[in-house]
Every structure is written in structure tokens, then in C-alpha cells.
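Accompanying notes for the structure given below.
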Amino acid sequence: MLVMNNVTKYFGDFCALEDISLEFHHGVYGLLAPNGAGKTTLIKMLTTLLYPTKGDILYEGIDIFQLDERYREVLGYLPQQFGYYKNYTPVQYLLYLAALKGIEKEVAKKRVYDVLEKVALADVAHKKMKKFSGGMIQRVGIAQAMLNDPKILILDEPTAGLDPKERVRFRNMLSDLARDRIVILSTHIVSDVESIANEIIMIKNKQVLYKDTIGNICQLLEGKVFETEVDDQEMVQFRKNHFTLSEMQRKGKWKVRFIASSPQTDWTIVSPRLEDVFLYAYQDEEQSHDVDNNEI
Ligand SMILES: Nc1ncnc2c1ncn2[C@@H]1O[C@H](COP(=O)(O)OP(=O)(O)O)[C@@H](O)[C@H]1O
Ligand SMILES: [Mg+2]
């Protein structure tokens, strides 16, 4: 178990994260927040690259900075910016990293082929990476994070730059990896975590806004999300009255999905989705809407 207790991080006078307390058991945790919210900062603390200003982080009850090398032995990490060598093949690259990690040569060989199998790159194991797609490179990145068979796998924006097909494949692979370990993955794209994360963590105003299952998070907007059709000329006023989640124009009418506090006869009530909560939670604070539950 990995635990953060009242962790605060300052960069000089600037507070990036404040009083963060989180627990990770096993499964996939989706750290979901817009850019600049503090995801990378949080992840860098969990990977011992940044030291918390206040609070502590414990693995199996012991401070991770005290565990030091022993903690990093159980940790796999894919940074947001990950460097690889275009002229290397995945096997060459991973053997090189394994050597840096001090993994013995014979053991390393077996591990390299094992992880390439896991990320479905075995058939290109000896091809130079310069011809790889974004998705394939990301899978090499995950392979390097898996080299030590980590109990904790932390991936910072692993789906950035992937096409939709690669995203689906990536999601399937992750849920498979997460069966017996902690997987923490950060993203600002709702659809990347909604089908695989056991729990979602949202950060807002430097603090944890939600940490819960998707079902429970969506429950917050239950009975408040509607769909209806709005005439073209009424749309400006409609937007002023309601927080719209999506708008689709068709034949002089708009099909809108929106939030309102109580139903109306010509509105269809719909089940809230994670995307709805995300849009609502991070709506521009300047905007004002006629919704009575601004804090959900
Ligand atoms: N080394 C740093 N020095 C100063 N400010 C930083 C540093 N790293 C991040 N920040 C600031 O902290 C905030 C959170 O950044 P970051 O953790 O990268 O967010 P995210 O990964 O969610 O996009 C941002 O306002 C960013 O500018
Ligand atoms: Mg980041």
C-alpha cells in the first residue's frame, strides 16, 4: 500500500499542491485534471524525484525517501517526456536501460523479451525505433517501466499523442497489467481513464477534489443532466441559463446536453457521465450560470 499524508509542495513561494492525502491499494488509478493542475508534480513526488515541502509518503508503512533504492526497485515510471534512441531497436534500448538499473545480463535478456511480449512489441523487437508510431514508442516506454516487474507502475500522460485505435489498445493492455499491482496514470483526457480506472482522482485548486469510483463520482450529478432540442434563435439565451456540456447543430436546431437543477417537461433526463462531471468541475470560474448547485 502506498500512502500520501498531508503532502504539500511549494516551488519557491508558489504552492503547486496543498494538503494531499491519498491511498493506493491495487488496480488502476486515473489522475484526471486539466493541464497545470499539478499531476506531474504529484507523480514526481511519488517517484522520489521531488521532495514534498510538507507531509510524507509511505510505502508499506515506511517513508519512500528512507526506503530510497529499495523503493525504486518496486517502482516503474514512464515520465511525461521520455527519451529514447531512434537508432536503437527496443531490445538494444531495453538492455541498455537494464544495465543502467544494474540488472544482471542473463536476467535482463529474459526480462526484455518478457516485457516486449507484454506490450505486444515482440514482432518488432529487432526493428529500429525510428519507424515506430507514437503508440509503439509509448509501449516501449511502458516496457522500460516494466523491466523490474514493478509493484507500482506510474505513467505520466501515457496516451498523449496516440491515435484513437492506439488508445484502445493501450487501455486494454493497462487493465491487464494492473491485476496485481498499483497502476497510477495521469491524463487530461476523460475517455482515456473512464473505461479502465478503478478509481479517479481529480485535483482542483491544488487539492484533491474527488477520489472515488466513476459510478460514485457520476452520482454527484444524478438528476441534473438533461438533453433537449433548442431552436437556433433561442440558443444564446439557453447558454446563459444553463451550463451546456455538449452542443450539436442539426437542421436549424441544436441538440444540447446540459445541467439544470430540476426537470422540465420537454427535457430528457440522462445518466451523468464522467465527462459531464469533468466539464462541470473545471468550468471557467468566471462564467455564471443559473444553476443552484455550483459546488457539487
Ligand atoms: N519546477 C517548477 N518550478 C516552478 N513551478 C513549477 C515547477 N514545476 C511545475 N510548476 C508549476 O506547478 C503547477 C503544476 O504543474 P504540473 O505538475 O506540471 O501540472 P500538470 O502535470 O497537471 O500539467 C503549474 O502551475 C506549473 O507551472
Ligand atoms: Mg504534466
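Just follow the structure's listing: the first ligand is 1, and inside any ligand the first atom is 1.
For atom 26 (C) of ligand 1, the nearest protein heavy atom lies 4.0 Å away or farther. Put simply, atom 1 (N) of ligand 1 has protein non-hydrogen atoms near it, under 4.0 Å away.
More than 12 heavy atoms of other residues, nucleotides or ligands sit less than 6.0 Å from atom NZ of Lys206. Surrounding CD of Glu60 are more than 12 heavy atoms belonging to other residues, nucleotides or ligands, all under 6.0 Å away.
The only option from Thr159, Val119, Ile196, Asp192 that meets the side-chain contact (heavy atoms from CB on, under 4.5 Å) definition with Phe170 turns out to be Thr159.
Comparing heavy-atom distances from atom 18 (O) of ligand 1 across Asn35, Leu31, Ile43, Thr40 singles out Thr40 as nearest. Closest to atom 17 (O) of ligand 1 by heavy atom, among Asp13, Thr41, Ile203, is Thr41. In this structure, of Ser186, Gly36, Gly12, Ala33, the residue bringing a heavy atom nearest to atom 14 (C) of ligand 1 is Gly36.
Checking Ser186 against the Mg ion (ligand 2), every N/O/S atom stays at or beyond the 2.8 Å cut-off. Distance check for Gln80 against the Mg ion (ligand 2): an N/O/S atom falls below 2.8 Å.
Taking a cut-off of under 4.0 Å to the non-hydrogen atoms of Phe14, the atoms of ligand 1 that pass are 11 (C), 12 (O), 13 (C), 25 (O).
Aromatic ring pairs are classed by plane angle as parallel below 30°, tilted from 30° to 60° and perpendicular above 60°; the pair Phe238 and His242 is tilted. Relative orientation of the Tyr113 and His126 rings is tilted, given thresholds of 30° and 60° on the angle between their planes.
Nearest protein heavy-atom contact of atom 6 (C) of ligand 1 is Phe11 CD1, 3.3 Å. Atom 19 (O) of ligand 1 has Gly38 N, 3.1 Å as its closest protein atom, hydrogens excluded (heavy atom only).
Not less than 6.0 angstrom separates the ring centroid of Tyr93 from the ring centroid of Tyr84.
Under the 3.5 Å distance criterion, the side-chain polar atoms of Glu18 are left unmatched by any main-chain donor or acceptor of Gln207.
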